[in-house]
Amino acid sequence: MGYPFKEIEKRWQGYWEEKRIFNVDVASVPKDKKYYSLVMFPYPSAELHVGHARNYVIGDAVSRYKRMRGYSVLSPMGWDAFGLPAENAAIKRGIHPRDWTLKNIERIKEQLKSWGIGYDWEREITTCLPDYYKWTQWLFLQFYKRGLAYKKKAAVNWCPSCNTVLANEQVIEGKCERCSTLVEQRELEQWFFKITDYAERLLKDIDRLTEWPERVKTMQRNWIGKSEGVEIEFPLGSSDIKIRCFTTRIDTIFGVTYVVIAPDYQHIDKILELSPRAQEIRAFSNEVLRQRHIDRGSIAEKKGIDTGLYVINPVNGQRVPLWIGNYVVTEYGTGAVMAVPAHDQRDWEFAKRHNLKIIEVIYNSQANLNDCAWEDRGTMVNSGKFNGLDSEDAKEKIAAWIEENGWGRRKVNYRLRDWLISRQRYWGAPIPIIYCDKCGVVPVPEEDLPVILPDVKEFRPTGESPLTYVEDFLYTSCPSCGAKSRRETDTMDTFVDSSWYFLRYISPRDEDKAFDSALVNKWLPVDQYIGGVEHAILHLMYSRFFTKVLYDMGLLSFDEPFARLFTQGMIVKDGAKMSKSKGNVVSPDSLIDRYGADTMRLYILFIGPPDKDAEWNDRAVEGIWRFLNRVWNLMDIYDTMPEEGQGDANRAVLKKVHSTIKKVTRDMDIDFHFNTAVSSIMELVNTLYEYRAKGVAKNVFGAALKNMILLLYPFVPHISEEMWRRLGEEEALDSHPWPDYDEAYLKEDVVEYVIQVNGKVRGHIRAAVDAGKEELEKAAKQEVKRYIDGKSVNRIIIVPKKLVNIVVK
RNA sequence: GCGAGAGUGGCGGAAUUGGCAGACGCGCUAGACUUAGGAUCUAGUUCCUAUCCGGAGUGUGGGUUCAAGUCCCACCUCUCGCACCA
């Protein structure tokens, strides 16, 4: 029962497609009329559930709203189609990942269409197809030319289950972000992008992203992890080995009582040659590394072992012992720490445990070094010529002094590592590089792109790229000398594909270049980007990096890709993220079958603040279904309205209409408060029901109804279009202007005042808007007579049009 | 530990930014219409005081103010991100 949504939704979806409502001619749109509305493109793994739908429904509401606001809205859609899940699913089913992927794409496309989400499907892109990855490869070559793509042997993160390496960003708490397997370290020769060259700009430009959520910006800042300090060298005894330490607390340099290095310190073997206890130390180090692997992030005790060697503190010539400690990690700084137990809690704990000296060099009366380290500022002591200075001032002076003497230098350290992009898997874009015995590493000439991913039957992960076994692919001739040579067999991380797709949408079929700079410069930055917060670091930082590189190449006139970012919250069910394995997935298709797409869309928008996680409630969906039926039935009510009405009722209805327009417009413009926008439209509908028998004229009721439809259109376009036409309108809603509100209707002659006594509400009065002070005071006193009789009135506070507060004693 | 965000009825959540706390929706209660109701409509629904009259109330404890969910101080709890970051 209920309104005939099935027929209605089918009709308008067909109409939009036929009229090409969502297709944009990017070349002809003037710059001040363009609006690029982008949702993060999906990975076509399986059917979409309502959690995914939230992303697209929000995006569609924004696009349709902006269209009504007079913009030419570009809203494209594509597929992030390379990657491990496709490969794993294909292996499981014994089919090719491409077939599996393309089948899913068709299925998901149907889903999106059935939800009434409008996209310019003529701009559809699929990253696993050669006409797209040709340009991913081209971009790799540009990076290579600029020295931003390089190969090096390094300890890398290895997922033994996925049988491939992972970027640092893909390791979560020591585990693979995909399969949660503990990640191992392996020494491998791999391709990297030099994102660290851009660390400072990626950090600094975050400040310009004023329309990004604070949370995302903070996460990126933390990830980049800048810290400023000094790198100082401690010579090892009489050898020529120097232990370089990074510190942000150079003011404590005179308090160094030992130096401690990581168990897997890079020059550990050379150092151990000098140590009398090498055997013992190796055993200790192995144990620490093993422990760390099993129990990452929760090491309780500071354990260490003395190497028996000494290093020299260059600033005072003191010999201090060299230790190996479990609390030092190779990945940060230099893997060696100058330890100052008096002023660093970790060093303090270590020193206490191993009976190492604690020398105070920053004096503060609040410090008690018997209990813990003093990490705040203070006055310099035991620090030679720097004694008496404030420790903050001393930092600068000591750094300069160390540089003068050549003991070290100021250094900025970043936590950010270079981006490891090689993957030993099949389903990705081949890295366009050839290895020739004579010429060395030779990039594939641009005219030979794309390097086609060969069709293979066997692509199980073995730890080596499956392409290694494809002879036709592997062997080629050197572009430089023509000799027989081998191709690179690793493929690229899929995050490379998604780091530039927003540029490709502007000219998706261009066979001559990756993107059209002139058009891209007109259409980007993206006006509104919408997606899940899970991409806060990976995708969003890589895309920013790409944009900056392309800007430096002169191909773009902007260096931040996304002007405004909105991260929608997750939809959870029974307290958990929706997933097949948990069996708590809500399928939009069954909802649509029962209530229609508009009900699903509106419920998703109404469920809560869109940037927060929300709990799915099947019952609450019915509330929306009831609401839309009430909306639908307003048409019948309209037919029975009298031509003539009464002034009061007409005014009340019009006032509600205009205040609703004002409220909804605000919610749309300011921060996507769809939930409150919807609830205020519900109030309007309630008002229309309330006044239907109170003498509202038919034309007033009709005007109210039409404005209501305009407000609803971005949320529930099908029912809106249908009602619009049934009410006799000819012109389509998608190009109809958004309604304006008229302050004149919001003005009131008489307002209600709250009367308080000592801040407590004791009554209400109605008074003319222009009522004078005395008049209001008199009426207010009269209203709350019984509360103030026999008491003296101290003060009367009047807030115009709101309240009167009488202060009595 | 650092950083970000959040704590409001039985539930999801509102509150024009210092001015009637609980909009809107779910659920619940009662009634109407019905052979019937998991349809629809009407009324009610923060708690205590059985009603009235009142009183209390936005995580806790203080404070500022005529007036505090909102501002200030201290604390507690939860979620997320990073984490022996030197």
Side-chain angles (χ1 to χ4, degrees), chain A residues 1-2 172-173 213-223 225-227 229 245-249 252 259-260 262 292 296-302 325-329 331-340 343-347 349-350 375 413-415 533-534 536-537 569-570 602-603 606-609 611-624 626-627 629-630 633 659 662-663 666 673 675-686 689 752-764 786 794-808:
Chain A
M1 281 297 107
I172 312 292
E173 288 175 351
E214 207 50 48
R215 181 163 57 139
V216 173
K217 293 197 279 185
T218 307
M219 281 165 75
Q220 291 211 359
R221 283 194 190 101
N222 289 345
W223 189 262
K226 179 181 181 175
S227 56
C245 298
F246 174 76
T247 180
T248 53
R249 292 297 306 277
T252 64
V259 165
V260 57
R292 186 176 286 175
R296 200 178 163 100
S298 62
I299 295 157
E301 289 172 317
K302 304 262 179 301
N326 65 346
Y327 71 105
V328 183
V329 296
E331 298 88 51
Y332 186 77
T334 59
V337 173
M338 54 168 246
V340 185
H343 305 293
D344 182 290
Q345 188 57 27
R346 294 158 301 177
D347 299 343
E349 285 167 25
F350 191 83
E375 297 184 321
N413 231 338
Y414 297 95
R415 209 188 71 110
V533 74
E534 65 273 18
I537 297 172
M570 247 172 12
L602 197 62
Y603 176 62
F606 184 67
I607 192 167
D611 54 330
K612 301 273 185 333
D613 288 355
E615 172 80 30
W616 186 268
N617 179 350
D618 286 325
R619 301 298 298 270
V621 177
E622 287 177 36
I624 296 295
R626 278 201 287 263
F627 168 70
N629 278 293
R630 271 161 70 79
N633 291 334
S659 67
K662 187 176 180 179
K663 167 78 175 143
R666 254 184 78 91
H673 290 161
N675 55 329
T676 52
V678 174
S679 68
S680 58
I681 300 173
M682 287 172 169
E683 282 185 59
L684 172 60
V685 170
N686 291 345
Y689 267 84
E752 183 163 285
Y753 275 80
V754 172
I755 311 303
Q756 299 181 331
V757 176
N758 289 344
K760 285 198 191 305
V761 178
R762 295 301 186 188
H764 297 86
R786 42 186 286 245
N794 282 6
R795 247 175 104 179
I796 298 181
I797 286 118
I798 296 177
V799 182
K801 294 186 203 170
K802 283 214 174 103
L803 65 78
V804 178
N805 188 11
I806 302 172
V807 185
V808 297

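Order of the sequence lines fixes the chain letters, A, B, ..., with proteins taken first and strands second; residue numbering starts at 1 for each chain.
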A.B. asks: Choose from rU40(B), rG81(B), rG12(B) the nucleotide whose nearest atom is closest to any side-chain atom of Asn222(A).
C.D. replies: rG81(B)
A.B. asks: Determine: side-chain N/O of Asn675(A) to OP1/OP2 of rA14(B), distance under 4.0 Å, yes or no.
C.D. replies: yes
A.B. asks: Please determine which of Ile806(A), Asn805(A), Val804(A) meets the side-chain contact (heavy atoms from CB on, under 4.5 Å) test together with Ile798(A).
C.D. replies: Val804(A)
A.B. asks: Could you tell me whether Glu615(A) contacts a base, only the sugar-phosphate backbone, or nothing, with contacts defined as non-hydrogen atoms closer than 4.0 Å?
C.D. replies: nothing
A.B. asks: Considering only the P atoms, how many Å lie between rG81(B) and rA14(B), rounded to the nearest integer?
C.D. replies: 23 Å
A.B. asks: Check whether any side-chain nitrogen or oxygen of Arg630(A) sits under 4.0 Å from OP1 or OP2 of rA39(B), and answer yes or no.
C.D. replies: no
A.B. asks: Between the base of rC84(B) and the side chain of Lys302(A), is there a donor and acceptor pair under 3.5 angstrom?
C.D. replies: yes
A.B. asks: Within the 4.0 Å heavy-atom criterion, would you say Asn413(A) contacts the bases, only the backbone, or no part of the nucleic acid?
C.D. replies: nothing
A.B. asks: Of all the nucleotides listed (rG19(B), rA86(B), rG25(B)), which has the minimum atom distance to the side chain of Asn805(A)?
C.D. replies: rG19(B)
A.B. asks: Nearest of rG19(B), rA23(B), rG5(B) to any side-chain atom of Lys612(A)?
C.D. replies: rG5(B)
A.B. asks: Does Arg415(A) make a side-chain N or O approach to OP1 or OP2 of rA83(B) shorter than 4.0 Å?
C.D. replies: yes
A.B. asks: May I ask you to check whether Asn617(A) and Tyr603(A) show a side-chain donor-acceptor distance below 3.5 Å?
C.D. replies: no
A.B. asks: Please measure how far the C1' atom in rU8(B) lies from the corresponding atom in rA21(B), and state the result in whole Å.
C.D. replies: 8 Å
A.B. asks: Need the pair for rC11(B). Rule: Watson-Crick or G-U wobble, both distances under 3.5 Å, any strand; none if unpaired.
C.D. replies: rG25(B)
A.B. asks: For the C1' atoms, the ones on rG54(B) and on rA68(B), what distance do you get once it is rounded to whole angstrom?
C.D. replies: 23 Å
A.B. asks: Both distances under 3.5 Å, Watson-Crick or G-U wobble: report the partner of rC75(B), or none.
C.D. replies: rG59(B)
A.B. asks: Confirm from the modelled atom types if Glu622(A) and rG38(B) form a donor-acceptor pair under 3.5 Å, side chain to base only.
C.D. replies: no
A.B. asks: Taking the basic N atoms (NZ, or NE/NH1/NH2) and the acidic carboxylate oxygens, is any pair closer than 4.0 Å for Glu214(A) and Arg221(A)?
C.D. replies: yes
A.B. asks: Indicate whether OP1 or OP2 belonging to rA56(B) is found under 4.0 Å from a side-chain N or O atom of Lys760(A).
C.D. replies: yes
A.B. asks: Does rC2(B) pair with anything, Watson-Crick or G-U wobble, both distances under 3.5 Å, and if so, with which nucleotide?
C.D. replies: rG81(B)
A.B. asks: Could you please name the option among rA67(B), rA86(B), rG55(B) that lies closest to any side-chain atom of Arg762(A)?
C.D. replies: rG55(B)
A.B. asks: Does Trp223(A) have any ring pair (Phe, Tyr, Trp, His ring centres under 6.0 Å) partners at least two apart in sequence or in another chain, and if so, which?
C.D. replies: none
